[in-house]
Asker: 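Supplied in structure tokens, the structure appears directly below.
Everything numeric in this text was worked out from a predicted model, so none of it was measured. The first residue of the sequence shown is numbered 1, and numbering continues consecutively from there. In what follows, every heavy atom counts, from backbone to side chain, and hydrogens, waters and symmetry copies are set aside.
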Amino acid sequence: MDCKFSTGLGLVSVNEEVILKVAGYAALECYGIVGMASKRTTDGIVQMLGIENLGRGVKVQITNDRVDVDLYIIVEYGISISAVAATLIDTVKYKVEHLTGVNVNKVNVSVEDIRV
């Protein structure tokens with residue numbers, strides 16, 4: 001599904017995959033994030049994903065011209081989870097809005113695992 005919004009020059013359409021990748025790369029840039037996580041529904045095992053699978057650790061829901069972003073992350077042991085989550089929310093919201101032009105409604109963070 002594409003996110004569409006209009007500007008003074010015309011209609012802009014941003015593919016969902018673009019938003020997924022921008023949010024995933026922005027999340028990995030944040031201090032304290034070890035990686036993105038994918039939770040398999042069959043057995044509940046959390047898998048750490050590499051850069052090529054960023055879309056599995058990010059879910060995007062598009063409503064009208066706004067986006068809700070859900071992030072599933074793995075945090076480094078010894079780091080304040082609340083500080084990492086606050087930084088992550090601000091960074092992802094800024095990067096997605098700045099790079100794609102799509103308005104972000106909210107960013108939800110789910111910490112799936114902690115790694116040493």
Asker: What about Tyr94 and Leu28, same hydrophobic cluster or not, with Ile/Leu/Val/Met/Phe/Trp/Tyr joined at side-chain heavy-atom distances under 4.5 Å?
Answerer: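 Result: no, two separate clusters.
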
Asker: Of all heavy-atom pairs between Val104 and Glu97, which one has the smallest distance, and what is that distance?
Answerer: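 Between these two residues, the closest heavy atoms are N-OE2, 3.0 Å.
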
Asker: Supply the atom-to-atom distance Gln61 CD to Glu16 CD, rounded to the nearest 0.5 angstrom.
Answerer: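 The CD atom of Gln61 sits 9.5 Å away from the CD atom of Glu16.
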
Asker: Going hydrophobic residue to hydrophobic residue with side-chain gaps under 4.5 angstrom, can you get from Tyr31 over to Val116?
Answerer: yes

Asker: Could you pull out the closest heavy-atom pair between Met36 and Gly57, with the gap in Å?
Answerer: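 Distance-wise, the nearest heavy atoms are CE-O, 3.4 Å.
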
Asker: Please tell me whether Glu112 and Ser110 have a donor and an acceptor in their side chains that are separated by less than 3.5 angstrom.
Answerer: yes

Asker: Kindly give the heavy-atom pair with the smallest separation between Gly32 and Val84, and that separation in Å.
Answerer: CA-CG2, 4.3 Å

Asker: Kindly list each side-chain donor-acceptor pair under 3.5 angstrom involving residues 73-80, sequence neighbours excluded, with atom names and distances?
Answerer:
residue : atom : partner : partner atom : Å
Ser80   : OG   : Ser82   : OG           : 3.2
Ser80   : OG   : Ala83   : N            : 3.4

Asker: Using every non-hydrogen atom in the two residues, find where Ala23 and Val58 come nearest and quote the distance to one decimal.
Answerer: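 So the two residues come closest at CB-CG1, 4.0 Å.
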
Asker: Quick one: pull up NZ in Lys93 and NE2 in His98 and give me the separation to the nearest 0.5 Å.
Answerer: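 Output value for this atom pair is 14.5 Å.
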
Asker: Ile114 and Ile81: side chain to side chain contact (heavy atoms under 4.5 Å, CB included), yes or no, with the steps?
Answerer: CA-CA 10 Å; Ile114 295 175; Ile81 293 174; 4.1 Å; yes

Asker: Give, for atom NZ of Lys59 and atom CG of Leu20, the distance between the pair rounded to the nearest 0.5 Å.
Answerer: 11.0 Å

Asker: Does some side-chain heavy atom of Leu88 sit less than 4.5 Å from a side-chain heavy atom of Val107?
Answerer: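 Side chain of Val107 against side chain of Leu88, heavy atoms only: no contact under 4.5 Å found.
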
Asker: Could Asp68 and Arg66 be called an ion pair, given the rule that one side-chain N must be under 4.0 Å from one carboxylate O?
Answerer: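 Salt bridge flag = no for Arg66 with Asp68.
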
Asker: Which atoms form the tightest heavy-atom contact between Asn108 and Asp70, and what is the distance?
Answerer: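 Here Asn108 and Asp70 meet closest at ND2-OD1, 2.7 Å.
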
Asker: Would you say Asn105 and Val67 make side-chain contact, with heavy atoms under 4.5 Å?
Answerer: no

Asker: Within this structure, what is the NZ-CD distance for the pair Lys95 and Glu29, rounded to the nearest 0.5 Å?
Answerer: 4.0 Å

